Amino acid sequence: MKETNYFNVFKEGGKFYTKSLVPGQNVYGEQVINDYREWVPERSKLGAGIYKNMRTFPFKKDTITLYLGASSGTTCSHLSDVCPEGIIFAVEISPRIFYKFVELAKTRNNLNPILASANTPEKYAFVPLVDAVFQDISQRDQVKIFLKNCDAFLKKNSYGFLVVKSRSIDVTKPPKIIFEQVKKELLSHGYKIIDERGLQPYEKDHRMFTIIK
Ligand SMILES: C[S@@+](CC[C@H](N)C(=O)[O-])C[C@H]1O[C@@H](n2cnc3c(N)ncnc32)[C@H](O)[C@@H]1O
């Protein structure tokens, strides 16, 4: 395995991997080679961002992250490998999926699952200021939710990542128009956009925006 420019992310034969914090663990059917877990870009938007050469990857061994839309923990499991001494506060709204995520978190000390809506950050006000916010939720008001959380929890000069699925904002409008609207909303809130990447061919009509607070 070769090191990459992305901290604790490795590459071999054109594929990216993280070194598993839990030796031998398989989280979502990914290939595991000598405790290196393949980061499958079709299953993880952050993984897709890496394949698309995303510019800023602030995750280090002790990074504290607020992750919105944890689902069963596919991407969180890779962040857990990347930041072994950090904490990932991971918010998920669906109880059914959340309990699957809790099982994963029992195997990894740096995952902190929170059953809540990301639209009500006051419900998890115990979360400290964080080094990074990552959001992957398919909600109509996903930009407002992201801004609310960055306002409340993101440290100054730190990075937020917003994955936008244009169809969940408005299925009738072309993705290009939706992404322009998103940009305007982020900028008018005072955040600087430092990167944006379409996630095709791994995800259709998705774009990842990176902001700095
Ligand atoms: C596309 S999936 C996330 C996949 C996950 N990020 C990964 O890569 O492993 C979107 C998730 O967001 C959750 N979600 C939707 N609205 C939410 C909200 N308001 N607050 C928290 N989670 C929400 C959904 O239940 C779903 O599990």
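Bear in mind that the values here come from a model prediction, so they are computed numbers and not experimental data. These numbers come from the heavy atoms of this one structure, side chains and all, not from hydrogens, waters or symmetry mates. Read the numbers this way: they start at 1 and go in the same order the structure lists the ligands and their atoms.
- Remark: ligand 1 atoms within the under-4.0 Å shell around heavy atoms of Lys45 are 1 (C).
- Taking a cutoff of 4.0 Å between a charged side-chain nitrogen and a carboxylate oxygen, Lys100 and Glu103 do not qualify as a salt bridge.
- Residue Gln139 approaches ligand 1 through these ligand atoms, each under 4.0 Å from one of its heavy atoms: 15 (C), 16 (N), 17 (C), 19 (N).
- Aromatic ring centroids of Phe7 and Phe59 lie 6.0 Å or more apart.
- Among protein heavy atoms, the minimum distance from atom 3 (C) of ligand 1 is reached at Gly69 O, 3.3 Å.
- Atoms of ligand 1 found under 4.0 Å from any heavy atom of Thr75, numbered from 1 in the order shown, are 7 (C), 8 (O), 9 (O).
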Task: Worked check of ring pair (Phe, Tyr, Trp, His ring centres under 6.0 Å) between Tyr124 and Phe153 - done: CA-CA 10 Å; Tyr124 46 92; Phe153 298 108; 5.5 Å; yes
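- For the pair Ser166 and Phe179, the minimum side-chain heavy-atom distance is below 4.5 Å.
- Ranking protein heavy atoms by distance to atom 2 (S) of ligand 1, first place goes to Asp136 O, 4.1 Å.
- The contact set between ligand 1 and Ile93, taken as ligand atoms under 4.0 Å from a residue heavy atom, comprises 14 (N), 15 (C), 16 (N), 17 (C), 18 (C), 19 (N), 20 (N), 21 (C), 22 (N), 23 (C), 25 (O).
- Residues satisfying the salt bridge (Lys or Arg N to Asp or Glu O under 4.0 Å) criterion with Asp62, sequence neighbours excluded, are absent altogether.
- Of all atoms in ligand 1, numbered sequentially from 1 with element shown, those under 4.0 Å from a heavy atom of Tyr67 are 5 (C), 6 (N), 7 (C), 8 (O).
- Using a 4.0 Å cut-off between heavy atoms, Ile97 contacts ligand 1 through its side chain alone, with no backbone atom that close.
- With ring centers used as reference points, Tyr51 lies under 6.0 Å from Phe16.
- In this structure, the protein non-hydrogen atom closest to atom 19 (N) of ligand 1 is Ser117 OG, 3.2 Å.
- The distance between the ring centers of Tyr6 and Phe57 falls below 6.0 angstrom.
- Atom 12 (O) of ligand 1 has Ile137 CG2, 3.3 Å as its closest protein atom, hydrogens excluded (heavy atom only).
- Checked against a 6.0 Å centroid threshold, the rings of Tyr28 and His78 count as neighbours.
- The shortest side-chain heavy-atom distance between Met208 and Leu199 falls under the 4.5 Å cut-off.
- For the residues His206, Glu203, Glu92, the heavy atom positioned nearest atom 27 (O) of ligand 1 is part of Glu92.
- Every atom of ligand 1 is numbered from 1 in the order shown, and the set under 4.0 Å from a heavy atom of Thr74 is 9 (O).
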Task: Intermediate values then yes/no, ring pair (Phe, Tyr, Trp, His ring centres under 6.0 Å), Phe134 and Tyr67 - done: CA-CA 5 Å; Phe134 189 95; Tyr67 191 104; 5.1 Å; yes
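- Interface of Ser71 with ligand 1, defined as ligand atoms under 4.0 Å from a residue heavy atom, comprises 3 (C), 4 (C), 5 (C), 27 (O).
- Within the set Ala118, Ser168, Ser44, Ser138, the minimum heavy-atom distance to atom 20 (N) of ligand 1 is found for Ala118.
- Of the heavy atoms in Ala116, only backbone atoms (N, CA, C, O) come closer than 4.0 Å to ligand 1.
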